[in-house]
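Worksheet: one structure, shown below.
Naming convention: chains lettered A, B, ... in sequence-line order (proteins, then strands); numbering from 1 in each chain.
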Amino acid sequence: MVWNVFMRLSGNHSGSLAKKRLKMVLVTDKVDCSPDLIDRMRDDMLHAISKYMVIDREGIELRIVHRPGTALYAAFPILDIPTKGIC
Amino acid sequence: MSEVIVITSGKGGVGKTTTSANVGTGLAILGKKTALIDTDIGLRNLDVVMGLENRIVYNLVDVVEGNCRMKQALIRDKRYPNLYLLPSAQTRDKTAVSPEQMTKLVDDLRDEFDYILLDCPAGIERGFQNAIAGADRALVVTTPEVSAIRDADRIIGLLEASEMGEIDLIINRVRMDMVKRGDMMSVEDVTDILAVNLAGVIPDDESIVISTNQGEPLVGMGSMAGQAYLNICRRIMGEEIPFLNLDTQPRFLMRLSSLLRRA
């Protein structure tokens with residue numbers, strides 16, 4: 001009872017908490033994508049980055065992380081940055 | 001022209017069968033010749049909600065397997081002569097029927113009926129694939145709970161991927177008193193997240209439990225839920241019907257009136 005009153009006074013209703021949790025869970029559900037999709041994304045990104053940099057293909061890392069927040073984490077190790085004709 | 005509508009939800013226990021029974025009965029009340037098909041093979045329930053469980057001779061699997069003609073399996077409703085039920089089989093499983101067979105079964109009914117309603121089983125496996133195969137449009141039932149809405153979102157994604165013609169949402173078991181004090185997601189919260197057209201909102205009403213006990217759908221009767229279901233039927237038929245104000249009857253008055261009814 002006291003807890004309920006406190007929650008209400010602090011503006012933390014369970015309805016809005018439910019909506020926040022639901023939005024979060026839906027985002028997570030949707031980015032839980034297939035390995036095939038990750039592969040295609042990696043190829044597309046590599047294609048774009050290769051125009052400007054020489055990338056170590058073996059060292060590429062691409063994954064979805066959920067904490068803090070949901071994000072796409074990508075690492076493309078650079079071997080060389082050709083300067084002539086680009087910058 | 002006939003229309004085939006699948007009633008689905010993903011999650012179990014949100015009110016698919018109750019909605020199928022009431023929408024089917026409502027369409028019959030409004031003068032449409034309607035067939036209700038229970039596609040939940042192995043777990044049939046629509047027959048008891050309709051109060052027709054004692055009249056079953058043949059079932060959906062019998063029709064598909066050619067053990068009987070369609071006319072022998074269709075059960076006429078006890079109250080509305082233009083409403084029929086094709087019951088499911090209780091002792092078989094979902095693999096007894098294929099999506100192609102279900103599509104053919106539904107197509108065979110198109111000439112005879114204005115509306116054909118498919119009560120879909122919970123889940124996203126074979127039973128769901130069977131039920132959506134022959135449908136022109138879908139009614140997705142959810143409740144204002146995180147788990148039910150998450151499943152509804154997944155179902156909507158699958159229906160869109162299968163190029164379902166039209167997808168409408170029914171939000172069931174809404175308690176306005178809880179929404180008002182912020183302890184339940186509102187209709188707007190749910191439609192914000194699911195982003196599909198709203199076909200109707202059903203209040204959490206004890207008259208639903210009573211009507212299920214009696215085996216007589218309450219659509220069109222005096223209760224708020226009965227009115228809400230009839231409005232959904234009119235919207236399905238293409239009429240523009242404003243949404244009910246579910247907040248007209250304070251909770252204590254409802255309690256009082258139900259107490260008086262009992263006395």
*Is there side-chain contact between A:K19 and B:V190, with at least one heavy-atom pair below 4.5 Å?*
no
*CZ of B:R137: more than 12 outside heavy atoms within 6.0 angstrom?*
yes
_Is B:D189 close to chain A through its backbone or its side chain, or both, or neither, when contacts mean heavy atoms under 4.5 Å?_
both
*Looking at B:M185 and A:G15, what are the two nearest heavy atoms and their distance?*
CG-O, 3.5 Å
*Minimum heavy-atom distance between B:R181 and A:H13, given as atom pair plus value*: O-ND1, 3.4 Å
*What are the two closest heavy atoms between A:L22 and B:R150, and how far apart are they?*
CD1-N, 3.8 Å
*Would you mind checking which part of B:M184 comes under 4.5 Å of any heavy atom in chain A, side chain (CB onward), backbone (N, CA, C, O), both or neither?*
backbone
